[in-house]
Every structure is written in structure tokens, then in C-alpha cells.
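Please read these numbers as outputs of a predicted model, since none were measured by experiment. Every heavy atom of this structure was used, including side-chain atoms; hydrogens, water molecules and symmetry mates were not.
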Number of protein chains: 2
Amino acid sequence: MSRTPPQPDAPVPSPPRRRGPRGDAADTRGAVLAAARSRFAEHGYDGTKLRDVAADAGVDVALVSYHFGSKDGLFSAAMALNVNPAKFVEELTRDGVDGLGERLVRRLLGLLDDRGTPFVAMVRSAATNERAAVLLREFVQREVLGRLAAAIDAPEPELRAALTGSQVVGVIMARYIVRVQPLADADPETLVAAIGPTLQRYLTGAVVT
Amino acid sequence: MSRTPPQPDAPVPSPPRRRGPRGDAADTRGAVLAAARSRFAEHGYDGTKLRDVAADAGVDVALVSYHFGSKDGLFSAAMALNVNPAKFVEELTRDGVDGLGERLVRRLLGLLDDRGTPFVAMVRSAATNERAAVLLREFVQREVLGRLAAAIDAPEPELRAALTGSQVVGVIMARYIVRVQPLADADPETLVAAIGPTLQRYLTGAVVT
DNA sequence: GTCTATATATGGATAGAC
DNA sequence: GTCTATCCATATATAGAC
């Protein structure tokens with residue numbers, strides 16, 4: 001197998017770009033960011049080429065470097081989350097700890113099922129790129145699991161948070177990246193029923209002997 | 001951050017290699033395979049360079065191509081599992097279905113905790129490389145989860161198998177790749193107690209409403 | 001701000017001497 | 001079987017004209 005042959009997602013037949021400032025809304029930066037999110041989510045950090053991002057955004061490659069300095073800079077900017085972790089956790093825990101696991105799964109799937117979310121990109125990139133792994137670890141641990149652990153009240157909060165994170169990451173890998181059936185195409189509520197109790201136990205149940 | 005600066009795992013001070021057949025055991029092929037497993041596990045498919053593999057093995061780069069034809073060929077050879085899935089599942093299910101979840105976790109951690117196992121390489125590579133993703137999906141689904149689903153006797157065996165797989169992959173990501181604490185350094189038996197019941201429920205419990 | 005052209009680096013693969 | 005030398009493709013980054 002020829003190692004994922006050079007297949008640009010869409011051949012992008014090099015649309016004739018005219019010179020000078022763009023006539024339209026001209027938010028080059030925004031267009032590049034959107035394209036980058038999608039690319040990073042699909043192919044991970046190393047698999048994403050600046051040329052493809054530029055082509056998707058309909059701008060020249062050089063502009064990417066111009067606006068974001070480097071591929072790293074682009075990645076950082078693209079990963080800036082569009083959801084507020086604090087608000088996210090607050091909404092989940094607002095109604096108490098009962099059914100928290102189910103609510104967490106439901107909310108997460110709702111967030112991830114509409115494509116291109118930065119989180120999928122982070123998980124994908126984390127597998128091969130050290131920078132992405134650090135970002136993911138720090139973000140998940142501090143911004144999400146830390147808050148979650150603080151909100152519940154049980155012994156060994158860090159372990160509980162990590163266990164919860166492991167199941168969440170596993171679902172993301174299985175459903176969105178590796179696409180194991182029937183999990184990949186399962187109805188969201190099926191997964192809520194199946195996985196919710198797991199997270200509930202990790203968060204509030206008996207996890208250590 | 002300069003995107004994982006060019007840091008070979010060990011600087012490898014280019015040991016003076018003499019010409020002609022190796023005087024020692026001379027299992028060049030085996031040495032290359034071992035090095036490849038370790039590299040693929042550490043850096044994934046795309047992150048692994050033939051030059052590094054060759055350096056680790058103490059042989060010339062050209063020999064890698066000579067023996068395995070291409071990077072793809074090397075990957076396939078390296079991924080040839082050193083554990084027999086059929087035997088693995090048989091041993092797990094031999095004593096019945098009680099405590100199956102715990103036994104599965106315990107056996108898995110025992111397998112993965114001594115480094116460089118091909119499975120970590122597959123998970124890591126699957127995130128960005130399509131070939132690795134296909135290999136992982138097919139292997140896990142057919143060789144492991146399929147047998148496991150057949151061995152237990154419960155409705156919706158495929159969903160159960162996939163759910164089990166998701167938690168397993170999640171632990172691998174969290175413990176070996178992203179290294180989320182305290183899960184990364186947790187005592188194996190702690191994880192057996194924490195995660196075993198989850199798998200037990202996925203395999204034999206009530207997972208759908 | 002945007003483009004062209006190019007420097008620079010990297011990594012897989014091959015030809016051919018030994 | 002092993003090594004040297006090299007080709008070639010790919011990709012990031014930058015210089016400088018417009």
C-alpha cells in the first residue's frame with residue numbers, strides 16, 4: 001500500500017487567484033484558521049501541510065507564514081478552543097451529581113458529532129506530536145478534569161478524573177478516528193446509556209479497593 | 001516551541017562501522033526489526049525515519065530498504081504480533097466469564113508495561129496514518145474483539161466488543177502515549193480494580209436500555 | 001497584504017562499487 | 001550483504017517585488 005498516496009482531500013484545481021487584497025469579506029486570517037482546524041482534525045499535526053491549508057482557505061501559502069509565523073503558531077491559534085471549559089463543567093454539575101455521567105457523554109457527543117472541532121484534532125495530533133500531546137494533557141487535566149474533580153466530592157479526585165478522561169479519549173479514538181463499528185455509527189443515546197454509567201462510577205462510585 | 005526539535009532519541013555518535021558482513025551474530029534483519037518496533041512505538045509511522053531505525057540497529061540505511069523493500073514493508077514486518085490473539089483470548093475465557101474484566105486488564109497491562117510492544121505502535125500510528133488505522137481496526141475487530149464476543153454469550157456482541165475496545169484504547173492513550181497522571185504511573189492492580197468492572201459490564205452486563 | 005521565486009532541509013528510495 | 005553516493009520528491013520558511 002503506497003502509504004496514503006498523495007491525495008489532497010479535494011484536488012483543488014488551483015482557482016485563479018488575483019493579486020492584491022481580497023475583494024470579499026477579506027478575513028484571510030479567519031479563513032486560514034478554519035481550514036487549519038479542519039486539516040489538523042483530519043490529518044493531525046505532522047500530516048497537515050501548509051500548502052493544503054492555504055489551498056482550502058483559497059489563499060497563498062506565504063500568507064499562512066505571514067499571519068502565523070510558523071506551523072506551530074498556526075497550530076496554537078487553531079487549537080484555541082471555541083468552548084469555555086469552565087462554563088462547560090458548570091453546566092454539567094449545576095444539577096448535582098446524579099446522572100452526571102450520562103450528561104457528560106451526551107454533551108460531549110453533541111459537541112463532537114458536528115465535525116472539525118479542535119478537540120478531535122488535538123487527540124489525533126497528540127499521538128505523534130509532542131507539542132500536541134503536551135497541549136492536550138495540560139488542557140484536559142487543568143481545564144476540564146481539574147474542574148470536574150473539584151466539582152464532585154469524592155476521594156482520589158485525580159485518579160477519577162484521569163479514568164474518566166481515558167474513557168472519553170477512547171470513545172473519541174474509536175468513534176471518530178479509528179472508526180470501529182458499530183460504535184462509530186451508533187446512535188448517541190445508545191452510547192449515553194452504555195458509557196454514562198461507566199463515567200458515573202469513575203466520578204462518584206467505588207473505584208479503588 | 002520549535003515543533004519537537006531534531007532530537008534523535010540518543011545522539012547516536014555514529015559508531016565506526018566496518019565494511020562487509022557483520023562479525024557478530026549478524027542478524028541484521030532482526031536488529032532492524034527490533035529498532036523499528038521501538039521507533040514506531042515511540043513516534044508513530046510518520047514520525048519514524050528509516051535513518052533513525054538504521055542508526056538504532058547499528059546498520060546502514062540502505063540495508064533497511066534492501067531487506068524490507070520500503071517503509072511500508074518494514075512497518076508490516078514490525079507489526080507482526082509476538083502474541084497469539086487466539087491463545088490470548090482462550091486463556092482469558094478459559095475460567096469462565098466471572099472476573100473476565102479484571103483478568104483482561106491485568107493481562108493487558110502486563111503485556112504493555114514492558115515497553116516497545118507493537119500494539120502501542122499501532123495505536124500511535126493509527127492516529128495519523130491511514131494504513132496503520134486500517135491495520136489496527138481490522139486486527140482488533142477480527143482477531144481480538146471478534147473472538148472475545150464469540151466467547152461470551154450476550155446480546156449485541158459487536159457493540160460490547162467495541163465498547164471494550166474503546167476503554168482499552170483509552171487506557172493505552174492515557175497511560176502510555178499522553179501520559180495523564182496519576183494514571184500513567186498508577187500501580188497495575190489499582191487499574192485492575194478501577195477498570196476491570198467497566199469491562200466486565202461492557203462484556204456481560206446491561207449496556208443498552 | 002499579497003504574490004513569485006527560492007533557499008534550505010528532510011527523508012525515502014535506488015544504482016552500483018566492493 | 002553491505003556500503004557510498006546520489007536522485008528526487010516534499011515541505012517549511014523567507015526575501016523581495018508588486
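As a whole-Å value, the separation of A:Asp60 CG from C:dA5 P is 11 Å. Distance A:Asp46 CG to C:dT10 C1': 13 Å, rounded to the nearest Å. Here the C1' atom of nucleotide C:dG11 and the OH atom of B:Tyr45 are 12 Å apart, to the nearest Å. B:Asp72 has its CG atom 17 Å from the P atom of C:dG11, to the nearest Å. Between B:Leu50 atom CG and D:dC8 atom P the separation is 19 Å, expressed in whole Å. If you take NZ of A:Lys71 and C1' of D:dT14, they are 17 Å apart, rounded to a whole angstrom. C:dG11 atom C1' lies 15 Å from atom NE2 of B:His43, rounded to whole Å. Rounded to whole Å, the distance from CG on B:Asp27 to C1' on D:dT2 is 15 Å.
For the pair A:Gly69 and A:Lys49, nearest-nucleotide mapping onto DNA chain D gives the more 5' position to A:Lys49. Take the nearest nucleotide of DNA chain D for B:Tyr66 and for A:Ser65: the residue whose nucleotide is more 5' is B:Tyr66.
For A:Ser70, the listed nucleotide lying nearest its side chain is D:dA13; candidates were D:dA13, C:dG1, C:dT14.
In this view, A:Phe75 and A:Phe40, A:Tyr45 satisfy the ring-ring contact (aromatic ring centres under 6.0 Å, His included) rule, not counting sequence neighbours. Remark: B:Glu156 engages B:Leu159, B:Val208 in a side-chain contact (heavy atoms from CB on, under 4.5 Å) (not counting sequence neighbours). Shown here are the side-chain contact (heavy atoms from CB on, under 4.5 Å) partners of B:Arg147, two or more places apart in sequence or in another chain: B:Pro85, B:Ala86, B:Val89, B:Glu143. Listed by chain and residue number, A:Val105, A:Asp113, A:Arg175, A:Tyr176, A:Pro188, A:Leu191 satisfy the side-chain contact (heavy atoms from CB on, under 4.5 Å) test with A:Leu109 (two or more places apart in sequence, or in another chain). For the side chain to side chain donor-acceptor pair (under 3.5 Å) test, no residue two or more places apart in sequence or in another chain qualifies with B:Gln141.
Residue contacts shown for B:Leu63 include a base, since a base heavy atom lies under 4.0 Å away.
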Report, one pair per line, the protein and nucleotides 6-8 of chain C atoms (nitrogen or oxygen only) whose separation is under 3.5 Å.
none

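What you find for B:Ala121 and B:Met79 is that their closest heavy atoms are CB-CE, 3.8 Å.
At D:dT2, one or more side-chain N or O atoms of B:Thr28 fall inside 4.0 Å of OP1 or OP2 (strictly under the cut-off).
A salt bridge does not link A:Arg106 to A:Glu102: none of the charged side-chain nitrogens sits closer than 4.0 Å to a carboxylate oxygen.
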